[in-house]
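Here's the structure we're looking at; comments come further down.
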Protein chains: 2
Amino acid sequence: MPQRLIRKLEHFVRLSGGDKLALQGLAQKVRAVGAHEDIIREGDNPLHVNLILEGWACRYKQLADGRRQIISFFVPGDLCDPHVFVLRQMDHSIGSLTPLRFAQIPREALLGVTDRHPRITRALWWETLVTAAVQREWTVNIGQRSALERMAHLLCELFIRLRCVGLSEGNSCPLPVTQTELADATGLTSVHVNRTLQEMRSAGLIVLRSKTLTIPDPAALQKVALFDADYLHLEHEGAHLDANEPEELPNGSTPGTSGAAWTHGGGGSGTQHG
Amino acid sequence: MPQRLIRKLEHFVRLSGGDKLALQGLAQKVRAVGAHEDIIREGDNPLHVNLILEGWACRYKQLADGRRQIISFFVPGDLCDPHVFVLRQMDHSIGSLTPLRFAQIPREALLGVTDRHPRITRALWWETLVTAAVQREWTVNIGQRSALERMAHLLCELFIRLRCVGLSEGNSCPLPVTQTELADATGLTSVHVNRTLQEMRSAGLIVLRSKTLTIPDPAALQKVALFDADYLHLEHEGAHLDANEPEELPNGSTPGTSGAAWTHGGGGSGTQHG
DNA sequence: ACACGGATTTCACACAGGTGAATGCGCGGA
DNA sequence: TCCGCGCATTCACCTGTGTGAAATCCGTGT
């Protein structure tokens, strides 16, 4: 049941009933693994595309001496590299962060669906390009932002991505990762991540308890993060994402209300050099 | 004359005469700009794909307060985002670093060629995926490596990429960027880039004079960089890249010889956590 | 209820890399 | 040949983040 994926893709294209049915069909072979297991290892020859159904995973790479960088987070609805087949072998690993359920989609199944459903093709393109944009933003994040800004930025991104697949509730969302993992993702140490989170807490920027993140004042957090959601390329083709997207959770619970806007800032100009 | 692009793509697929001709046809509208000019600005609606013919450019993003991160370098033969059309607007800018000649390829021209030439489609896929892999490696580089390792890694990457398009000569290649630009790319300050380069020089790792980089002992540089070329996904489909690729420069000059190997290391294993 | 173990928190201290500014070099233009 | 200017280089000093280790906390299983 790739509900999350469908929900996410509909931010970009309107899918027909047939499109959705076709997407449903992709999640045949479902696998489950515990936390902290590898799904694909660097050097492996990828055989299928993985679709995250439940739980979190990450893409990571480890240097010869053990230092590890988490390159991206995968949350439900995320597709790991729809097009890896072109390359011979993986240049990074993908591992679970929490217990995980995911679908292994065979290459042919994916090709079959995209052949017959141009809207899905377009939507997967969008997903691919957004993934690339996120990767670029991470480069900026790690390269230029201070620890505080960096953590804030990461949390903004994760919150929005989760909200897009219906996993937020009001200003809260799950954050089922350890501080060590946040450290590996931001290029900081776990000690400093801790300091930084404390600082954010005492500034009232976040509430973080029992793996749940709450953002009392989104505008404030965005501000310290220098966050601009444009790179996520939401609001497209009619599926206009309201600042405060109505949350129809699958189980029908009522979402908390949030007056704060997650603005998609106007285009900055900025001349190069001078 | 997209010779560089063709040469690069042939590292992955064997192109027929017809394929090459089709690629030639893409570079109709050629533009030239001086150094430090923007080609595309963040927020723009991209109208064509740009193919770098001569000179260097970069993708960059600037924070509200002026900090700038160079997200990737473009060298001759590089294609800027073959698939941007799917998205509505640019989330970053592309600017020249040196005087630049580039071809503006209209969307339709590209689509026409890929429709009729499946090998080109495959090759462009490869190019796209390698670009993504490079982006991921930059995340690792900035997130985990020390200044020295980081600079070394960047130089290794640039050298290999230039060699792939026939722009190296023996162990040397052009490096027409300022230390400030290297700083923006590595997330360091120009002062510290200077220190780092000095250190590399006095360790005999590099020779860098008048915008020309020479790597006396590639193995040594790779070692301090913890560099593993796997992520560039060379050596594919028969087009076996020898460790010391024969350099048939277009102008027929004889390349310097280099016994040193730019090894494509065997698959590391590495269990997650333990 | 208890005990275990991973996760968080705190501490004292070290250092890589940042800051701001001054100096000097090299190269293109007239 | 000289000038001017951007770039590289150097300096003295500072600080954000890393290090290593110890001390708690907390959730989970028994």
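To find a chain, count down the sequence lines: A is the first, B the second, and so on, and within it residues start at 1.
- Taking side-chain N and O atoms only, N194(B) has a distance below 4.0 Å to OP1 or OP2 of dT9(D).
- Taking the six-membered ring where tryptophan is involved, the planes of H153(A) and Y231(A) are essentially parallel, since the angle between them stays under 30° and well short of 60°.
- Atom NZ of K211(A) and atom C1' of dG27(D) are 11 Å apart (whole Å).
- The distance between atom CZ of R195(A) and atom P of dG16(D), rounded to the nearest whole Å, is 11 Å.
- Note: CD (E149(A)) to C1' (dT17(D)) measures 14 Å, nearest angstrom.
- K223(A) and E149(A) are not joined by a salt bridge, as no carboxylate oxygen comes within less than 4.0 angstrom of a charged side-chain nitrogen.
- S210(B) comes within 4.0 angstrom of nothing in the nucleic acid, heavy atoms only.
- Residue order along DNA chain C, read from the 5' end via each residue's closest nucleotide, puts Q198(A) first among H192(B) and Q198(A).
- Rounded to an integer number of Å, the gap from CG of L188(A) to P of dG16(D) is 14 Å.
- Atom CZ of R59(B) is separated from atom CD1 of I40(B) by 9.5 Å, given to the nearest 0.5 angstrom.
- Side-chain atoms of R201(A) stay outside donor-acceptor range of the base of dT9(C), with no qualifying N/O pair under 3.5 Å.
- Between E199(A) atom CD and dT17(D) atom C1' the separation is 12 Å, expressed in whole Å.
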With a cut-off of 3.5 Å and sequence neighbours excluded, list every side-chain donor-acceptor pair involving residues 182-190 of chain A.
| from | atom 1 | to | atom 2 | distance (Å) |
| --- | --- | --- | --- | --- |
| D184(A) | OD2 | R68(A) | NE | 3.0 |
| T186(A) | OG1 | L182(A) | O | 2.8 |
| T186(A) | OG1 | A183(A) | O | 3.3 |
| T189(A) | OG1 | H192(A) | N | 3.3 |

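- Separating the CG atom of D184(B) from the C1' atom of dC7(D) is a distance of 14 Å, rounded to the nearest angstrom.
- Rounded to a whole Å, the CG atom of L148(A) is 13 Å from the C1' atom of dT17(D).
- To the nearest angstrom, P of dG17(C) lies 15 Å from CD of Q144(A).
- At the heavy-atom level, L197(B) lies nowhere under 4.0 Å from the strands shown.
- A donor-acceptor contact under 3.5 angstrom links the side chains of T139(B) and Q135(A), judged on distance only.
- Residues R145(A) and V191(A) both approach DNA chain D. Their nearest nucleotides, taken by heavy-atom distance, put R145(A) toward the 5′ side.
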